[in-house]
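Bear in mind that the values here come from a model prediction, so they are computed numbers and not experimental data. Note that these values count all heavy atoms, side chains included, but never hydrogens, waters or copies made by symmetry.
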Amino acid sequence: MSLLKGIQSPKDVKKLAPEQISTLAQEIREQVIQTTAINGGHVGPNLGVVELSIALHRIFNTPTDRFIFDVSHQGYVHKLLTGRNGDSFKKLRTSEGVSGFLSREESVHDSFGAGHAGTALSAALGMAVARDKRGTNEHVVALCGDAAFTCGITMEALNNISASTKRLIIILNDNKWSIAKNVGALSRYFNELLTSPTYNRMNDDFEAFLKKIPGGKSLIRLGSKWKRETKDFFVSSSLFETYGVRYIGPIDGHDPKQLEHYLEFAKKAEQPVLLHVLTTKGKGYEVAIKNPERFHGASPYDIRTGKSSLQAQPNKIPKYQDVMGETLVKLAQEDKLIAGITAAMPSGTGLNHLEEALPDQFYDVGIAEEHAVLFAAGMATSGFHPVCAIYSTFLQRAIDQVIHDVAIQKLPVLFCMDRAGLSPNDGPTHHGLFDISYLRAVPNCVLMAPSDEDELADMMATGLDYQGPAFIRYPRGSATGASIKNSPEILAIGQSQRLLDADDIDIWAIGTMVEDAKKLAKTLRKMGIQTGVVNARFAKPIDTEHLLKSAKTSKLIVTMEDHVIGGGFGSAILESLQDRGEQIPVERIGWPDKFIDHGSSVAQLREANGLGAEQIMAQVLEKFRALQAPPKEDVIPAKVI
């Protein structure tokens, strides 16, 4: 009988005999691989924390004790051990299944939801301080990947721990990877802790000596103080000690007995403790071990080969991220002052093309979006043309730097915002639905959205030519199949493109919604409603000259955007008309004022939120017909005698 099927809660994990742990670990790995092969998901991170997750649930008691997972893309094992190992897990990242990240709404065992890196330590410290204030006794455990320590917010939290609480457990899950290979001084620091030949040789020799003396094995199991002190002598671990955090490690993250021993020690510690746990990303699946970046977050794949099982796109339509990367290479070959900057996402953003072709013009700053933007600002003051390739959802973290350091100084930095719109399987932490709203209010900015890949290339040339901050938002996944010119064209700033003339309804669409607008116009025209389409291209500045002409010649303006409706492109159109005294009715089409959950596909989520093609047409028709209907006569009520 399967051990995993019998796990309905963490209590069942505690009942297992020690010799059963390896069997459970194997079953969990098989379940993770089988599920992600069908649905896609974070393969490597979860395979690496199987034994660690089991040990945590054997030593601690959730939901009373609190586990806070940094990013939470390594939370699948935790889900399987907390009553979510049935059909809901098999439908992971689909409309009917559990989220790919932790969610407080999904389970009482999920203490803190997350999808961005660097949040765990601050949140855990907040929980620990709240516990101390209440006078309760639960344990708070923060599970941080080694890459989380490249986030400024993690270091800020580390600075506050010793002054705020005496009891906090930090797990440093060190697999030498975040998404891409870790970079920077902290990565080198962790590596030095593990690879000092002097320390390791002394450690091995001393352990061999201890095994020969009475009671020596007990001393080894206890991880006695000499380990830390000798390590400090040869390779300083004082980074954490300086912050008042007791450092213990490195610990084998795949040895259940060792893990449980050190977790028990941490439970009893009377000062904040950091356990440095070594894990292998992709453990148990050789394909994932050999391809850690690709299997960090994988699309559905063939288990035997690891190759994508998705149907190949007809005519090999490229992804927007690759169009961006390849275009940047062309532009950077012509201009050596162009520099590409990514925050640990070279493949996801397409900057891997620049890294391979022109490594001297490529910079990966680690998971540090705020630093990436400020770093770009510094380069821009010295005559360079930096290009920050950052997902829309992650650029939210650097809005202060965008305003304070780039926009106020009108520095020429180009921001390429991938994943604008929906990232359907990932859910609300990864949807890029807010960028127009949070950027439209910032002076000196130009904000663009291409309707196809050729226009994306043009907008990149336009953004690099503009002497100020420029932003391009584009979606995840395949482009439209449009042919791309050999040389990108510099567009006139703020100039839209008329695609169809209008008499009755004029649709102003931006980005990916232009194709939807053309299909809607075609349907309405068949119904005898003369409908025009404008490819807005720019959310800032709005083409007010063209818009005013549209207001004079049409009965209704419809705006369409792959963005929240509040403060978005449609709001910009309304404001432009209002400011110029135009009273033409405007019907806005966009995402509702709520966080959009994860789902099986963009189409499914659109249908669920009133943005399916037929739903949009019904909304537009209702508005147009209401305008056409004659006004109702006022009815004078009969006088009551």
Can you check whether [Y]'s main-chain N or O pairs, donor with acceptor, with [X]'s side chain at less than 3.5 Å?
X: Gln321; Y: Ser347; result: yes
X: Ser72; Y: Leu102; result: yes
X: Lys540; Y: Arg440; result: yes
X: Glu453; Y: Ala482; result: yes
X: His563; Y: Ser437; result: yes
X: Asp458; Y: Pro488; result: no
X: Gln467; Y: Asp465; result: yes
X: Glu369; Y: Ala398; result: no
X: Asp70; Y: Thr119; result: yes
X: Ser423; Y: Arg419; result: no

Correct closest heavy-atom pair for Ser571 and Ile565 would be OG-O, 3.3 Å
Is it true that atom [atom1] of [X] has more than 12 heavy atoms of other residues, nucleotides or ligands lying nearer than 6.0 Å?
X: Lys290; atom1: NZ; result: no
X: Lys552; atom1: NZ; result: no
X: Gln578; atom1: CD; result: no

Taking the side chain as everything from C-beta on, heavy atoms only, tell me whether [X] gets closer than 4.5 Å to [Y].
X: Glu326; Y: Val329; result: no
X: Val71; Y: Phe101; result: yes
X: Met417; Y: Ile472; result: no
X: Ile510; Y: Met560; result: no
X: Tyr466; Y: Pro412; result: no
X: His385; Y: Leu414; result: no
X: Arg537; Y: Ser496; result: no
X: Ile403; Y: Ile399; result: yes

Would the Phe112 and Phe69 ring centres measure less than 6.0 Å apart? no
For the ring pair Phe394 and His430, is the centre-to-centre distance below 6.0 Å? yes
Say whether Asp364 and Thr342, considering side chains only, have a donor N or O and an acceptor N or O under 3.5 Å apart. no
Is it true that the side chains of Trp508 and Asn535 contain a donor and an acceptor less than 3.5 Å apart? no
Measuring from atom [atom1] of [X] to atom [atom2] of [Y], what distance do you get when rounded to the nearest 0.5 angstrom?
X: Phe569; Y: Leu447; atom1: CZ; atom2: CG; result: 10.5 Å
X: Tyr320; Y: Arg476; atom1: OH; atom2: CZ; result: 15.0 Å
X: Leu328; Y: Phe362; atom1: CG; atom2: CZ; result: 10.5 Å
X: Asp579; Y: Leu577; atom1: CG; atom2: CG; result: 9.0 Å
X: Thr462; Y: Leu491; atom1: OG1; atom2: CG; result: 3.5 Å
X: Leu456; Y: Arg473; atom1: CG; atom2: CZ; result: 13.0 Å

Pair Lys549 + Asp506: basic N to acidic O under 4.0 Å: no
Would you call Glu561 and Arg588 a salt bridge, using N to O less than 4.0 angstrom? no
side-chain contact (heavy atoms from CB on, under 4.5 Å) with Glu545: which of Asp543, Ile542, Leu548? Asp543
Of the options Asn444, Val413, Val442, which is the one that meets Val406 in a side-chain contact (heavy atoms from CB on, under 4.5 Å)? Val413
Parallel, tilted or perpendicular, as decided by the 30° and 60° cut-offs, for the rings of [Y] and [X]:
X: Phe375; Y: Tyr363; answer: perpendicular
X: Phe415; Y: Phe471; answer: parallel
X: His73; Y: His296; answer: perpendicular

Only residue of His42, Arg93, His598 satisfying side-chain hydrogen bond (donor to acceptor under 3.5 Å, both in side chains) with Asp426 is Arg93
